[in-house]
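Accompanying notes for the structure given below.
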Number of protein chains: 4
Amino acid sequence: MAATAAQLCDVGYLNMTIEGVAARAGVGKSTIYRWWPSKAALVVETLKSRSMLSPIELTGDSRADLRAVIASTFQIVTHSPAGMILPALAVDLIRDPAAHEQLHALLRPRRESVLTVIRTIAARGDLPADVDAGLLLDIYSGTLLYRVLLSGEPVTESIIDQLTDLLLSGTAPHILLML
Amino acid sequence: MAATAAQLCDVGYLNMTIEGVAARAGVGKSTIYRWWPSKAALVVETLKSRSMLSPIELTGDSRADLRAVIASTFQIVTHSPAGMILPALAVDLIRDPAAHEQLHALLRPRRESVLTVIRTIAARGDLPADVDAGLLLDIYSGTLLYRVLLSGEPVTESIIDQLTDLLLSGTAPHILLML
Amino acid sequence: MAATAAQLCDVGYLNMTIEGVAARAGVGKSTIYRWWPSKAALVVETLKSRSMLSPIELTGDSRADLRAVIASTFQIVTHSPAGMILPALAVDLIRDPAAHEQLHALLRPRRESVLTVIRTIAARGDLPADVDAGLLLDIYSGTLLYRVLLSGEPVTESIIDQLTDLLLSGTAPHILLML
Amino acid sequence: MAATAAQLCDVGYLNMTIEGVAARAGVGKSTIYRWWPSKAALVVETLKSRSMLSPIELTGDSRADLRAVIASTFQIVTHSPAGMILPALAVDLIRDPAAHEQLHALLRPRRESVLTVIRTIAARGDLPADVDAGLLLDIYSGTLLYRVLLSGEPVTESIIDQLTDLLLSGTAPHILLML
DNA sequence: CACTAAACGAGACGGTACGTCGCGTCTTTCT
DNA sequence: AGAAAGACGCGACGTACCGTCTCGTTTAGTG
């Protein structure tokens, strides 16, 4: 069931249809409504089940570790369905704080594990001890999201290094010359 | 006409209805369809007409100038209808590159004027001469957007200063103690 | 449902509206479209349900019997809603032989019972044994229909007797002096 | 102009559209509305202009003359566009006596010339002197119309002779054996 | 000959109804 | 009993024409 919901996410969140999911699952609509109050709840639960839980492995090289985290988010935003589904979902839920909270809960595990990585890097002394890990996460994630949605700039992998530099070395974003 | 479309944006982009707009404008549906091919096009044009064109005034104090720019985006994202409409629109258009480009065109004037501010600051020597102004813009805008949509963190004004510090001084985001 | 369709036939077939029927029935439009593919089909079925099934009672007096049949058609054509609806329907269906056939099927029971009356009269010897009952029916029905639709002549009850005479006695239609 | 209206009658009266006529004539809609108050009026006038005015030539053979008249109506009803347009028009106008009258006026010339034929036949003594020519006309016309619209019987040329016999000889309609 | 006024083409306008789609609820049917 | 199937009331979709209404632009006719 949740499986077919995910399947349907290949038509995009906005074009996804509860009737479509039901048909694809060989199931009555009422069965879906019995379990989930809304399309958003169904999608949230579906995403929760097949979460992006590749645990992050630390190498000891702080730059490499942070870069890996950012690169992973880059991949999700630019190349995975979730990169399009999550913002759509968030936008759909803006007016419903309760559902919005559920969405955050869904993202929390991933968020926590990234925060841990950042704090580990800070503990190594490669970031300030009092680093605001949450903000740091928001910065690179938000930048990537904004590039895709609204900036109009092409989104290339070079941004991964630019963000890594900015966050790790405090380097303002220089123009990066492509080779 | 465009006026009433904007009016209807107080029910939100997703709940906005072309029939609703037509009714509110005292106009036939066909009149709307004659001029705009889709809801998205109507909204883009509406936003274009009543654009947020408060020109940015430079003070000579680079920190104050950059902070003002960021604060202005903060206001839009958190307190203006456009803060909710633009992401919804972007999400709606993800699958249509042509329309997406129109959206970027809509945002370009504002973007350009901010880029000019950043380059001015760089010219003053308060940012590196080869600063990537576009990326810098994406960073603070994206961070603010992400906070509202997906982060789950409360969004307070303190983030304005944190972002200003990060971008201007290259300071990694420290935890900011509220007073 | 069919009831309200019939009700709406008091605005006439051409002015009847599926939305109007739906509203009057307190029903969604889709419910109507789920059951009938078109306005014509809906009307045909409605007419079928509330058919003019007053069985014809024979008196033994052939002239009286035939006159009663013609008079009944006269009533329908001149004073019942069906008199206006049926031609409108037939005209609407001219281009669709399948639907046209359905219309004939609707009329068939009435037609058959009239044919039986005519054959009974023939069996009594009051009409030729090899009378073409179908043609006879078409003659008086068609004449009445034509009078109402296209002739421009006033349609009075005197025509009933004229047709009866013509068909029964083989009398060419004389001018009938009104008393 | 009237020409193109007639042209459009090859999509049928019901599917004919004033916008379509205007487009086909290379003319603005307003020009049409300037001259005709309604679709029906336009069609009436169009038909009037290209009327079926083949004058009826008498041969002296009453049977042949009457048969020719009936056969001509048979042709119109079964094989000419007018055969479908006129009933549609009449049905459309049922609720508007004034327009209905215009329709009768349109048909009057043809009607009159047929009435003359009938009266001539009567004058020859081949029909009763006090024959109701109008009714006679209505009978054969109506029968033909009814056959096409509502009877469900196949419409063959044999009916021409049957009607001729009935009206001329007072013969009740016998079953006609096809050879 | 120039001027004016009508009729013109074009097509936007406020509407109405169309037939389709998907919603979220409710009922029936079968296992 | 619980799920599949799917009908239901609803309401927005995007389309097609309606009949009305400006708009310039011909195109005569008249002064």
Side-chain angles (χ1 to χ4, degrees), chain A residues 1 4 8 11 13-42 92, chain B residues 1 4 8 11 13-42 92, chain C residues 1 4 8 11 13-42 92, chain D residues 1 4 8 11 13-42 92:
Chain A
M1 162 58 60
T4 65
L8 262 165
V11 313
Y13 176 78
L14 290 171
N15 296 331
M16 189 196 95
T17 248
I18 291 199
E19 293 201 327
V21 173
R24 183 135 166 185
V27 132
K29 265 197 302 178
S30 40
T31 305
I32 293 182
Y33 279 106
R34 195 186 321 284
W35 293 91
W36 296 278
S38 71
K39 168 170 155 176
L42 169 58
D92 200 12
Chain B
M1 161 55 62
T4 65
L8 261 165
V11 315
Y13 175 78
L14 291 170
N15 297 330
M16 187 195 100
T17 249
I18 291 200
E19 291 201 328
V21 173
R24 181 134 165 187
V27 134
K29 258 198 303 180
S30 41
T31 303
I32 293 182
Y33 281 107
R34 194 172 296 118
W35 291 89
W36 296 278
S38 69
K39 170 170 153 176
L42 168 58
D92 200 13
Chain C
M1 161 57 62
T4 63
L8 260 165
V11 316
Y13 174 80
L14 290 170
N15 297 331
M16 188 195 97
T17 250
I18 292 200
E19 289 201 330
V21 173
R24 182 135 164 187
V27 133
K29 257 196 304 180
S30 42
T31 303
I32 293 182
Y33 282 107
R34 195 173 295 118
W35 291 89
W36 297 279
S38 70
K39 170 169 152 177
L42 168 59
D92 200 12
Chain D
M1 160 58 61
T4 64
L8 262 165
V11 313
Y13 175 80
L14 290 171
N15 297 330
M16 189 196 96
T17 247
I18 292 200
E19 293 201 327
V21 173
R24 181 134 165 188
V27 134
K29 266 197 299 179
S30 40
T31 304
I32 294 182
Y33 280 105
R34 197 187 322 284
W35 292 89
W36 296 279
S38 70
K39 168 171 154 176
L42 168 59
D92 200 13

E/dA7 phosphate, OP1 or OP2: any side-chain N/O from D/Thr31 under 4.0 angstrom?
no

Could you state the atom-to-atom distance from NZ of C/Lys29 to P of F/dA12 in whole Å?
12 Å

Do B/Trp36 and B/Ile18 have side chains that approach each other closer than 4.5 Å (heavy atoms only, starting at C-beta)?
no

Ranking C/Trp35 and B/Ser30 by the position along DNA chain F of their nearest nucleotide, the one closer to 5' is C/Trp35

Going from CG on D/Leu42 to CE on D/Met16, what distance comes out if it is rounded to the nearest 0.5 angstrom?
5.0 Å

From CG of D/Asn15 across to P of F/dC18 the rounded distance in Å is 11 Å

Length of the line joining D/Ile18:CD1 and F/dG19:P, which is rounded to integer Å:
5 Å

Would you indicate what D/Gly20 reaches in the nucleic acid, counting non-hydrogen atoms under 4.0 angstrom: base, sugar-phosphate, or nothing?
nothing

Once you round it to whole Å, what is the distance between C1' of E/dG14 and CZ of B/Arg24?
19 Å

Return whichever of B/Gly26 or D/Val27 has its heavy-atom-nearest nucleotide of DNA chain E closer to the 5' end.
D/Val27

Measure CD/B/Glu19 against C1'/E/dT16 and give the value in whole Å, please.
11 Å

Report the distance from atom NZ of C/Lys39 to atom P of E/dC18, rounded to the nearest whole Å.
7 Å

Distance col, row D/Asp92:CG vs D/Lys39:NZ, nearest 0.5 angstrom, shows 6.5 Å

On the nucleotide E/dC13, are OP1 or OP2 found under 4.0 Å from the side-chain N or O atoms that B/Arg34 carries?
yes

If you assign each of C/Gly28 and B/Pro37 to its closest nucleotide in DNA chain F, which residue comes earlier from the 5' end?
C/Gly28

Please report, rounded to the nearest Å, how far the P atom of F/dT15 is from the CD1 atom of B/Ile32.
13 Å

Among F/dC13, F/dC18, E/dG19, which nucleotide sits nearest the side chain of C/Tyr33?
E/dG19

Tell me the interatomic distance from C/Leu42, atom CG, to E/dC18, atom P, rounded to whole angstroms.
11 Å

